[in-house]
Asks: 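I'd like to ask some things about the structure below.
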Amino acid sequence: MSYRSDIEIARTAHKKPIQDIGHKLGIPGDALLPYGHDKAKVSQAFINSVQDNKNGKLILVTAINPTPAGEGKTTTTVGLGDGLNRIGKKAAICIREASLGPNFGMKGGAAGGGYAQVVPMEDMNLHFTGDFHAVTAAHNLLSAMIDNHIYWNNDLGIDERRVTWHRVLDMNDRALRDVVISLGGVANGFPRQTGFDITVASEVMAILCLATDLADLQKRLGAMIVAYTRKKKPIYCRDIKADGAMTVLLKDAMQPNLVQTLENTPAFVHGGPFANIAHGCNSVVATTTALKIADYVVTEAGFGADLGAEKFMNIKCRKAGLAPSCVVVVATVRAMKMNGDVAKADLGTENVKAVQAGCPNLGRHIENVKSFGVPVVVAINHFVTDTKAELDVVTAYAAEQGAEAILCQHWAKGSEGTEALAQRVAEIADADMANFAPLYRDELRLFEKIEIVAKRIYHADAVLADAKIRNQLREWEAAGYGHLPVCMAKTQYSFTTDPTRRGAPTGHSVPVREVRLSAGAGFVVVICGEIVTMPGLPSKPASETIMLNAEGQIEGLFWSLGRCCRPCWGQDRLSGPSLSGAQARGGFHLRVKFRHPRDDFAIGRTGTTVLCLFLRQARRWAIWSLWHWVFLDRVPGRAVMI
């Protein structure tokens, strides 16, 4: 059986005019600022006009720790939103925008998958409405003004060795992590060491996602600490007089973006901080606006619940006064098997014992989320290779942890596949069962907050931090920042700081390498282990095969099996961390692409390990033979990509 890829499905979407999508939520046409026919920004005037409305129910979708097997958090978020509308509820979804860095690096795009997608998919994964470019420009304007101030007499007495403000770029580029600027003589300024972060790690991005309006935005921008004097006096963005111009650059970006799902459910897509190096949630203004005009709002937090959900609860909900009514934890049988030490090549084979061995990772996340006082439902994102015995293990294990597990087939069936999940989530939300509270109090010491997260969420024995870091935290407390929450920057792949340790490990420590004060955003970033704030590209980045075809359509932005014929049963991803397409669903789908789009054909059949292994061994021979055929025999118009 063959399967259509995500992009093929998205291109056949029956999109409605964006004004019709706004009308579903009571947004008048003149309150929408269109970007084409299928996306628009919602005006601040309309947002202000609905502030007295009663809030709807907030539902958070999170997941187990991500694995190469795939979990499908965004896909489930979209599927649940569609499912709620299917059962007659007035629902909207709120997700983050995609960064160009991972799109051209590992993921190749992400906006859901299968029949649970947000569209327009290509636009969302590229420049969209320009919000990320505005954040990049505003951030780097401040960088330029800092160096310009130092060049022209340095009236504020900035110590060039203590400029803490980096530049940013929305691209994975490891060469920019540590750089020296202003080389080349007097005319170019004073040389100093600095670096670049990826745009989604910028404090400006965090502020955009936490600010409530333009006045709050400018106030937060002005409060950012960018440097220190020789006497260690902080220099703020407002001292450089950059906050006003930065606000101007961010004026339009501050307004949330409205798009739709394949089933025309309204979707707010706004902001994009990563959850492993930032706070990992979409904007407060998008979420709070959606809550004022929809009865149910489904949102997600990045990566596993140990990162995204923890920060959603301890940072976003704390700052915005939000409280989720229910949390959905997404898991897959395949990921359970990977947590049970099954190799990727063997995930298609039934292995009940491995599923049992991997379930403690799910159990840890259920326990963590319940510690916030919120009821939990487990969504089992279905793959066709899942067997009844394996599904029964996950269902029974979730029940032992006090959570109901529901099988979801939204990837293949859209909202029909999430009807049961939608019904149960709505029942829980309507019953007001939640008794939400953050994990720690504002008045605790900063290091105590770090320890609480490390010990209660990661189940670590200790936090390792040298005297320099502890002294820095005490200095910030003395300066009046002790009440801030902590934003843990840590690998997403494990509860530990070692990305190779799966499952639910104990007996480990959390080493803190660095701490950064984000005074404008209102939290302290705690960098743990080997995590970096400027990622690098993989050995085979997605960008190598992203191109326009003869019809002007984008090819390669979304991973397909055509990129690699290996027996990995989903190792190659069509659309971000949620696997989709033929291989992800268990069907083997060999796609051979010729240069002309009409020569594209697919061979679909049930995958077998034997066939996969044969193809793996034949790959080198095939590539050599085809290369010889194309270039030495000079056959025109043919270039084969396997």
Asks: Assess Arg364 against Phe495: is NZ or CZ under 6.0 Å from the centre of the six-membered ring, and within 45 degrees of the ring's axis?
Replies: yes

Asks: Could you tell me which non-hydrogen atom of Pro375 sits nearest to which non-hydrogen atom of Ile428, and how far apart they are?
Replies: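 In terms of heavy atoms, the two residues are closest at CG-CG2, 3.4 Å.
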
Asks: Kindly say whether Ala63 contributes a backbone atom to a donor-acceptor pair with the side chain of Lys73 at under 3.5 angstrom?
Replies: no

Asks: Quick one: closest heavy-atom pair of Ser518 and Val525, and the distance?
Replies: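 Answer, listing the atom of Ser518 first, then Val525: OG-CG2, 3.7 Å.
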
Asks: Given 3.5 Å as the limit, does a donor-acceptor pair link the side chain of Lys90 with the main chain of Ile293, or not?
Replies: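 Side chain of Lys90 to backbone of Ile293, a donor-acceptor pair under 3.5 Å: yes, one is there.
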
Asks: Minimum heavy-atom separation for Val78 to Val118, with atom names?
Replies: CG2-CG2, 3.6 Å

Asks: Is it true that a side-chain atom of Thr395 and a backbone atom of Ala405 form a donor plus acceptor pair closer than 3.5 Å?
Replies: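 No: the side chain of Thr395 does not pair with the backbone of Ala405.
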
Asks: Please name the pair of heavy atoms, one in Val285 and one in Thr212, separated by the smallest distance, quoted to 0.1 Å.
Replies: CG2-O, 4.2 Å

Asks: Are the side chains of Glu443 and His483 in contact, using a 4.5 Å heavy-atom criterion?
Replies: no

Asks: Apply salt bridge (Lys or Arg N to Asp or Glu O under 4.0 Å) to Asp123 and Lys39, showing your working.
Replies: CA-CA 9 Å; Asp123 292 355; Lys39 53 187 177 294; 2.7 Å; yes

Asks: Taking the side chain as everything from C-beta on, heavy atoms only, tell me whether Ile59 gets closer than 4.5 Å to Val297.
Replies: no

Asks: Does the side chain of Thr418 pick up a donor-acceptor pair with the side chain of Lys413 at under 3.5 Å?
Replies: no

Asks: Quick one: side-chain contact (heavy atoms from CB on, under 4.5 Å) partners of Tyr458, sequence neighbours excluded?
Replies: Asp306, Leu307, Val453, Ala454, Met488, Lys490, His508, Val510

Asks: Would you say the side chains of Tyr493 and Asn276 form a donor-acceptor pair under 3.5 Å?
Replies: no

Asks: Does the side chain of Thr265 pick up a donor-acceptor pair with the side chain of Asp82 at under 3.5 Å?
Replies: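 Thr265 vs Asp82: donor-acceptor pair found between side chains.
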
Asks: Thr261 and Gln117: side-chain donor and acceptor closer than 3.5 Å?
Replies: no

Asks: Show the nearest heavy-atom pair for residues Pro256 and Ile47, with the distance to one decimal.
Replies: CD-CD1, 3.6 Å

Asks: When rounded to the nearest 0.5 angstrom, what is the spacing between CD1 in Ile380 and CD in Glu71?
Replies: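 Interatomic distance, Ile380 CD1 to Glu71 CD, rounded to 0.5 Å: 13.5 Å.
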
Asks: Where do Thr62 and Ala309 come nearest, in terms of heavy atoms and distance?
Replies: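 It is OG1-CB, 3.7 Å.
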
Asks: So, the side chain of Asn339 versus the backbone of Gly503: is there a donor-acceptor pair under 3.5 Å, distance only?
Replies: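 Side chain of Asn339 to backbone of Gly503, a donor-acceptor pair under 3.5 Å: yes, one is there.
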
Asks: Just checking, is any N or O donor in the side chain of Ser415 or Glu263 under 3.5 Å from an acceptor N or O on the other one?
Replies: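 Their side chains do contain a donor-acceptor pair, which is all the 3.5 Å distance test asks for.
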
Asks: For Cys209, does its backbone N or O pair with a side-chain atom of Ser283 as donor and acceptor, under 3.5 Å?
Replies: no

Asks: Could you check if a side-chain atom of Ser202 sits within less than 4.5 angstrom of a side-chain atom of Val200, using non-hydrogen atoms only?
Replies: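 Not in contact.
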
Asks: Are side-chain N/O atoms of Asp197 and His139 paired as donor and acceptor at under 3.5 Å?
Replies: no

Asks: Could you tell me whether the side chains of Thr496 and Asp498 share a donor-acceptor contact shorter than 3.5 Å?
Replies: no

Asks: When you compare the side chains of Glu367 and Ser371, does any donor N or O come within less than 3.5 Å of an acceptor on the partner?
Replies: no

Asks: Is Asp170 reaching over with its side chain to a backbone N or O of Ser99, donor-acceptor style, under 3.5 angstrom?
Replies: no

Asks: What I want to check is whether the side chains of Asn55 and Lys292 have a donor and an acceptor closer together than 3.5 Å.
Replies: yes

Asks: Do any pairs count as a ring pair (Phe, Tyr, Trp, His ring centres under 6.0 Å) and have a residue in residues 265-294, sequence neighbours left out, and if so which ones?
Replies: His279-Phe523

Asks: Of His127, Glu122, Met121, which meets side chain to side chain contact (heavy atoms under 4.5 Å, CB included) against Asn125?
Replies: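 Of the listed options, the one satisfying the test is Met121.
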
Asks: Would a distance-only check, ignoring hydrogens and angles, find a side-chain to backbone donor-acceptor pair under 3.5 Å from Lys24 to Ala92?
Replies: no

Asks: Any side-chain donor paired with an acceptor under 3.5 Å for Asn381 and Thr76?
Replies: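 No, no side-chain donor-acceptor pair sits under 3.5 Å.
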
Asks: May I ask you to check whether Thr299 and Asn282 show a side-chain donor-acceptor distance below 3.5 Å?
Replies: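 There is such a pair between these side chains.
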
